[in-house]
Chemist: 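I'd like to ask some things about the structure below.
Residue numbering restarts at 1 for every chain, and letters A, B, ... go by the order of the sequence lines.
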Amino acid sequence: MATSNFISAVTQALKEEMERDDGVFVLGEDVGAKGGVFRATEGLYEQFGELRVLDTPLAESAIAGVGIGAAMYGLRPVAEMQFADFMLPAVNQIISEAAKIRYRSNNDWDVPITVRAPYGGGIHGALYHSQSLEALFASTPGLKVVIPSTPYDVKGLLKAAIRDPDPVLFFEHKKAYRLIKGEVPEEDYTVPIGTADVKREGEDVTVMTYGLCVHFALEAAEKLEAEGISTHVLDLRTVYPLDHAAVVEAARHTGKILLVTEDNKEGSVLNEAAATIAENCLFDLDAPVERLAAPDVPAMPYASPLEKHYMMNTEKVEKAIRELAEF
Amino acid sequence: MTKEITMPQLGESVTEGTITQWLVKPGDNVKKYDPIAEVDTDKVNAEVPSSYTGTIEELVASEHTTVQVGDLIAYIKAEGESSAADEQPQNEGGQQEQEPAKQAEPSMKKRYSPAVLALAQEHNIDLEAITGTGRGGRITRKDVEKVMAADEKPAAASEPAPQTEPTPVQEAGSSEEVIPVTGARKAIAANLSKSMQEIPHAWTMVEVDVTDIVRYREQVKETFQEQEGIPLTFMPFFMQAVTAGLRKYPQLNASWRGDHIIRKKEINLSMAIATEETLYVPVLANADEKNMRGMARGLHALAEKTRQGALTSDDMRGGTFTLNNTGSFGSVQSMPIINPPQAAILSVESIVKRPVVKGDDMIAIRHMVNLCLSLDHRVLDGLICGRFLAYVKEQLENFDRGTFEI
């Protein structure tokens, strides 16, 4: 099996889906000849031509709107938002149109669009290149919000997103792009949307998280193993709608739960996990449900020490797990 | 090494003090904590202790001057190596106050998490006998699971019993057998001792002629068994009559709370059900909403669950009055102990045939039963209980098929 980095898995999934289905096309800023600012669409323009790899103006609302129209027409667009931070002009298209059309038309119409967007910080991107926007979309039935953590999941989930009959938002942590490597099978496979995945089995503390933070949790778990603390890591993978059954099962498994996100604490998607645990697991809990998240300040700071303080990292997760284990 | 001695914090709100008298002079040798000066503050008159062992070098503050807390008052040449404690002389006063607070980290031994409580209850584990490994000695879910893995009951496990409790094992001679007291037995012992110690029990009894009920049951019990699949015992008749009594005299359906009495609106009958080892009192909730069939079914279900050890904490909760079937083991008279926080308990004794004097001084052979009532005399008096019993008796004796419709 070939080892691939996170972003090559994105490219691989796009390429294979475009080869498999003529209806699949990508659109976004600089996705064509340039191959995307992060090189996610590298080689696609050359292989599939300008009619299936569309460079768009700097207008996120149009990228989403054109994609939605094409999707309703029967195509399978994969729209790239250059940074999740710049999705806000497209929010009306996504929430008010894409998410609601199936319901509004009583199943006559559907919107099988995938919207990809790099999110997250820790790359010195400051206020407008570091945001986590998943919580913004995580209360809109009709949308699915996927945030993969490994190259394997990237390929499988992106393929599943493209084949999904409804709109899927696909957030990729930009720091993970070239940092995270893993095995990616060359053959065609999908990973089901809506299912969480146990990334590590453990007995003392359950960590639930998603995206890049999964790796912080896994690294922390590895370190703590030496101290005799065994950590169970659940990768949520789809943050909306949440895999409630997996959350409940993982919570019951140890009774001590740490929820980790890079997003601000109040209002993050983890709160749904916390509420689900509170509703279902009272008599399994052995400690308060803990959340580890960014402080509630408006943005990822630019100054390096402040960014480091704000950003999630392995040490923070390790400390929080240890404290729960010792509780 | 020369160190500073500063004005210590002599009280929470004290900000300054006046040195009334120096107790040392330069060149004096002092030990750590020896008094070196007398200080007068607006709250206390106190002595300033030396922060170090050593030789006084200089008295900086003169007598009768007022000095701010934390200000320098003297120099001392400290002896020996500077220790970590010596690094913070200015904190000396404050530190002494803080230290006990640090040591007194609250014990978490009895802070049980829902998971720990649930496991302990389900598996009949005595938490008092477990040594917690969590913060502050808290018993963690893992601690309980370990005990479960080692043995279902901690007393049988190899863990030493806590020292606060005498271990009967050591006292037992060879002619005696030691039965460890755990789980339900321990709970029964604690509850009933507390009940007897705290509740002023009073006791009363009535004789009831249940001949009509015995005959009626004889007639319908086979049909009942066929239709319902469960036997028709006498208990549901008594439950029905007692529930009617409680509805008429809600004073007995109550609870003593020190400065007030709680009168319960729901009638939830705690039914004493014995197993070989122990006694459970699961609850038949909302008895006043049930007919005879409902009573019989509910009681049967509780008895089955008790036998199978399948009672949950929900089954045990919320009882407002206890019924005790002492007749089942042949008793004709008993003085039941109240099941706190309830206000009364009633025992149904054996139904026995006895010659009784009826109507016009005739002697007849009748099916008689004694109903024994223990009451919390803080909540209830004899009069109301007498009326209650008379009403229950009347329900049972003036047998009316309507009341006991199957």
Chemist: Tell me if the OH atom of Tyr189(A) is crowded by more than 12 foreign heavy atoms within 6.0 Å.
Modeler: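 Yes, because the 6.0 Å sphere around OH of Tyr189(A) holds more than 12 heavy atoms from other groups.
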Chemist: Where the side chain of Arg135(B) meets the backbone of Ala325(A), is there a donor-acceptor pair that is under 3.5 Å apart?
Modeler: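 Not confirmed, Arg135(B) side chain does not pair with Ala325(A) backbone.
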Chemist: To the closest 0.5 Å, what do you measure between CZ (Phe283(A)) and CG (Leu117(B))?
Modeler: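 Here the interatomic distance stands at 9.0 Å.
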Chemist: So which atom in Arg141(B) and which in Asp286(A) form the shortest heavy-atom distance, rounded to 0.1 Å?
Modeler: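 Closest pair (atom of Arg141(B), atom of Asp286(A), distance): N-OD2, 2.6 Å.
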Chemist: What is the distance from atom OG1 of Thr140(B) to atom CG of Asp204(A), rounded to the nearest 0.5 Å?
Modeler: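 Separation between the atoms: 8.5 Å.
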Chemist: Just wondering, more than 12 heavy atoms not from Glu266(A) lying within 6.0 Å of its CD?
Modeler: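 Atom CD in Glu266(A) is not crowded, with 12 or fewer foreign heavy atoms closer than 6.0 Å.
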Chemist: Would you say that more than 12 heavy atoms from the other residues, nucleotides or ligands in this model lie under 6.0 Å from the CZ of Arg307(B), or not?
Modeler: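 No, the 6.0 Å shell around CZ holds no more than 12 heavy atoms from other groups.
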Chemist: What part of Ala118(B) lies closer than 4.5 angstrom to a heavy atom of chain A: side chain, backbone, both or neither?
Modeler: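 Side chain only.
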Chemist: For Lys109(B), I'd like to know if atom NZ has over 12 heavy atoms of other residues, nucleotides or ligands within 6.0 Å.
Modeler: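 Open.
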Chemist: Measuring from Glu326(A):CD to Arg138(B):CZ, what's the distance to the nearest 0.5 Å?
Modeler: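 So the gap between those two atoms works out to 12.0 Å.
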Chemist: Could you check whether atom CD of Glu145(B) has more than 12 heavy atoms from other residues, nucleotides or ligands sitting under 6.0 Å from it?
Modeler: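 Enclosed: over 12 neighbouring heavy atoms sit under 6.0 Å from CD of Glu145(B).
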